[in-house]
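Note that ligands are numbered from 1 as they come in the structure, with each ligand's atoms numbered from 1 the same way.
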Amino acid sequence: MSEQEPSVFSRIVAREIPADIVFENERVIAFRDIAPKAPIHLLVVPKTERYRDVAELAAGDPGLLAELVETASTLAREHSDGDFRLVFNSGAGAGQTVFHVHAHLLSGGLEEGTLGKL
Ligand code: AMP
């Protein structure tokens with residue numbers, strides 16, 4: 001039996017690797033993406049790595065998904081003008097590289113027609 005390595009985001013939660021953390025409570029953490037794709041690009045992440053993607057999270061803990069969205073909305077107001085785009089890459093074919101569910105919170109001067117360019 002092989003034990004799975006903690007995800008990079010679990011290692012951020014555990015303070016094993018550094019991150020620019022902007023919010024944290026018992027169940028959720030948010031920090032700046034290391035390779036930003038928008039003026040404001042935060043990752044909003046459940047602390048548990050039990051759910052690989054947003055569909056698993058919605059099925060397993062819809063309340064936690066709602067908490068992610070609420071946190072994102074609050075952070076968009078705090079860090080920008082309150083308007084935001086929330087992206088959950090789900091599966092390698094959609095660009096997911098970290099299989100610990102996370103929302104990309106993008107904000108600040110996003111233009112129409114840029115949705116597929118993330
Ligand atoms: P995804 O491709 O949707 O799985 O998103 C993973 C995101 O995590 C990418 O946008 C990366 O830039 C970001 N990322 C990876 N490692 C770190 C890190 N140590 N600190 C902050 N963001 C990271």
Heavy-atom contacts with [X] under 4.0 Å: which atoms of ligand 1 show up? List them by number with element.
{"X": "A35", "value": "12 (O)"}
{"X": "H104", "value": "1 (P), 3 (O), 5 (O), 7 (C), 10 (O)"}
{"X": "R32", "value": "21 (C)"}

- request: Return yes if some donor-acceptor pair links the side-chain N/O of T71 with the main-chain N/O of E67 below 3.5 Å, else return no.
  value: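 A pair under 3.5 Å: yes.
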query: Any donor-acceptor pair under 3.5 Å linking the side chain of T114 with the backbone of E111?
result: yes
Non-hydrogen atoms of L110 and A38 that approach each other most closely: CD2-CB, 3.8 Å
Closest protein heavy atom (residue, atom, distance) for atom 2 (O) of ligand 1: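 Its nearest protein heavy-atom neighbour is G95 O, 2.8 Å.
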Nearest-neighbour protein heavy atom for atom 5 (O) of ligand 1, which is reported as residue plus atom name and distance: H102 NE2, 3.0 Å
message: Judged on heavy-atom distance to atom 12 (O) of ligand 1, which of D33, V8, I21 sits nearest?
response: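 Checking each option, the heavy atom nearest atom 12 (O) of ligand 1 is found in D33.
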query: If hydrogens are left out, which of D53, I34, T97, L42 has an atom nearest to atom 15 (C) of ligand 1, that is, the closest non-hydrogen atom?
result: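 It is I34 whose heavy atom sits nearest to atom 15 (C) of ligand 1.
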field: Within-cut-off N or O pair, H41 and ligand 1, under 3.5 Å
entry: no
Cluster link V22 to V28, ILVMFWY, side chain under 4.5 Å: yes
- prompt: Taking the six-membered ring for Trp, are the ring centroids of F31 and F9 within less than 6.0 Å of each other?
  reply: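 Ring centres of F9 and F31 closer than 6.0 Å.
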task: For ligand 1, note which part of F9 has a heavy atom under 4.0 Å away: side chain, backbone, both or neither.
output: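 The part of F9 near ligand 1 is the side chain, not the backbone.
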Structural part of L43 in contact with ligand 1, heavy atom criterion under 4.0 angstrom: side chain
field: N-O pairing of R77 and D83 below 4.0 Å
entry: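 No salt bridge links R77 with D83.
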field: Of H100, E24, E26, the residue whose pairing with K47 passes side-chain hydrogen bond (donor to acceptor under 3.5 Å, both in side chains)
entry: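 Of the listed options, the one satisfying the test is E24.
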